[in-house]
Enquirer: 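Before I ask anything, let me first share the structure, which is written out below as structure tokens.
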Amino acid sequence: VQLQASGGGLVQTGGSLRLSCSASGRTFNYYIMGWFRQAAGNEREFVAAINWSNNLKYYKDSVKGRFTISRDNAKNMVYLEMNSLKPEDTAVYFCARGRNRGTSSRPDESDEYDYWGQGTQVTVSS
């Protein structure tokens, strides 16, 4: 499985970005997909996750109401719409595929994911 994240960039506080993650192969199907981020000097942290059916979405508390995760299974794509961006959102953002088919009881844990994209930089200026 290959994951390719894109859409990062430099934006001012209050701005918006839309991240995309393309997945190769049939192994996109039936797996939960997640977005994580890692700021310089910090550990990687969970941002959002979505199940295969698009009916279960999970968010880090600090991004609720500002970020929206979605997926297009026909296109093997996952998206992260980010609005009202803050300087503390600055990080490298990674998409990841769940380790097991179906849902996850711990979608916010990085060890629930086994394939990771290369990351895309998001920088929010104050």
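Quick note: residue numbers are just sequence positions, from 1. Small disclaimer: the values here were computed from a predicted structure and weren't measured.
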Enquirer: Kindly determine whether Asp108 and Lys60 satisfy salt bridge (charged side-chain N to carboxylate O under 4.0 Å, His left out), including the steps that lead there.
Expert: CA-CA 8 Å; Asp108 58 337; Lys60 177 181 174 62; over 6 Å; no

Enquirer: Which atom names give the shortest non-hydrogen contact between Phe46 and Pro107, and what distance separates them?
Expert: CE1-O, 3.3 Å

Enquirer: I'd like to know if the side chain of Tyr58 and the backbone of Asn51 have a donor-acceptor N/O pair within less than 3.5 Å.
Expert: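 It does not hold such a pair.
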
Enquirer: Could you walk me through whether Tyr93 and Val47 pass the side-chain contact (heavy atoms from CB on, under 4.5 Å) check?
Expert: CA-CA 9 Å; Tyr93 284 70; Val47 177; 4.2 Å; yes

Enquirer: Just by modelled atom types, is the Arg106 backbone N or O under 3.5 Å from a matching donor or acceptor in the Ser104 side chain?
Expert: yes

Enquirer: For the pair Arg66 (side chain) and Ser84 (backbone), establish whether a donor and an acceptor sit closer than 3.5 Å, ignoring hydrogens and angles.
Expert: yes

Enquirer: Describe, in one word, how the ring planes of Phe36 and Tyr113 are oriented to each other, choosing from parallel (under 30°), tilted (30 to 60°) and perpendicular (over 60°).
Expert: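 It falls in the perpendicular class, over 60°.
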
Enquirer: If you compare all heavy atoms of Thr68 against all heavy atoms of Tyr59, which two are closest, and at what distance to 0.1 Å?
Expert: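 Shortest heavy-atom contact: CA-OH, 3.4 Å.
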
Enquirer: For the pair Asn42 (side chain) and Ala39 (backbone), establish whether a donor and an acceptor sit closer than 3.5 Å, ignoring hydrogens and angles.
Expert: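 No.
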
Enquirer: Is there a path of hydrophobic side-chain contacts, each under 4.5 Å between heavy atoms, that joins Tyr30 and Ile69?
Expert: yes

Enquirer: Are Leu56 and Ile32 linked, directly or through other ILVMFWY residues, by side chains that come within less than 4.5 angstrom of each other?
Expert: yes

Enquirer: Going through the checks in order, is the salt bridge (charged side-chain N to carboxylate O under 4.0 Å, His left out) test met by Arg99 and Glu112?
Expert: CA-CA 5 Å; Arg99 184 176 300 279; Glu112 286 288 291; over 6 Å; no

Enquirer: Applying the 4.5 Å side-chain criterion to the ILVMFWY set and letting contacts propagate, would Val63 and Trp35 be lumped into a single cluster?
Expert: yes

Enquirer: Determine whether Arg37 and Val92 satisfy the following criterion, side-chain contact (heavy atoms from CB on, under 4.5 Å), listing intermediate values before the conclusion.
Expert: CA-CA 5 Å; Arg37 67 187 182 188; Val92 178; over 6 Å; no

Enquirer: Does the side chain of Val122 reach to within under 4.5 Å of the side chain of Thr90, using non-hydrogen atoms?
Expert: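 Not in contact.
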
Enquirer: Is Lys57 reaching over with its side chain to a backbone N or O of Ser70, donor-acceptor style, under 3.5 angstrom?
Expert: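 No; zero donor-acceptor contacts below 3.5 Å.
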
Enquirer: Walk me through it: do Phe94 and Thr120 pass the test side-chain contact (heavy atoms from CB on, under 4.5 Å)?
Expert: CA-CA 7 Å; Phe94 301 88; Thr120 184; over 6 Å; no

Enquirer: Between the side chains of Asp89 and Lys86, is the shortest nitrogen-to-carboxylate-oxygen separation below 4.0 Å, so that they form an ion pair?
Expert: no

Enquirer: Can you tell me how far CG of Asn55 sits from OG1 of Thr103, rounded to the nearest 0.5 angstrom?
Expert: 9.5 Å

Enquirer: Over all heavy atoms of both residues, which pair between Trp52 and Asn73 is shortest? Give the atoms and the distance, please.
Expert: O-ND2, 2.9 Å

Enquirer: Taking atom types as modelled and ignoring hydrogens, do the side chains of Thr123 and Gln121 form a donor-acceptor contact shorter than 3.5 angstrom?
Expert: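 Yes.
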
Enquirer: Working note: Arg71 + Met33, criterion side-chain contact (heavy atoms from CB on, under 4.5 Å); need CA distance, chi angles, decisive distance, verdict.
Expert: CA-CA 9 Å; Arg71 66 192 292 169; Met33 295 295 294; 3.7 Å; yes

Enquirer: Mind listing the closest non-hydrogen atom pair of Val1 and Tyr115 along with its distance?
Expert: O-CD2, 3.6 Å

Enquirer: Output the distance between atom CG (Asp114) and atom CG (Asn100), rounded to the nearest 0.5 Å.
Expert: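 It comes to 7.5 Å.
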
Enquirer: Whether the Tyr31 and Arg101 side chains hold a donor-acceptor pair (N or O, under 3.5 Å, no angle test) is what I'd like checked.
Expert: no

Enquirer: Indicate every side-chain donor-acceptor pair of residues 2-23 with a distance under 3.5 Å to a residue at least two apart or in another chain.
Expert:
residue : atom : partner : partner atom : Å
Thr13   : OG1  : Ser125  : O            : 2.7
Ser16   : OG   : Asn83   : OD1          : 2.8

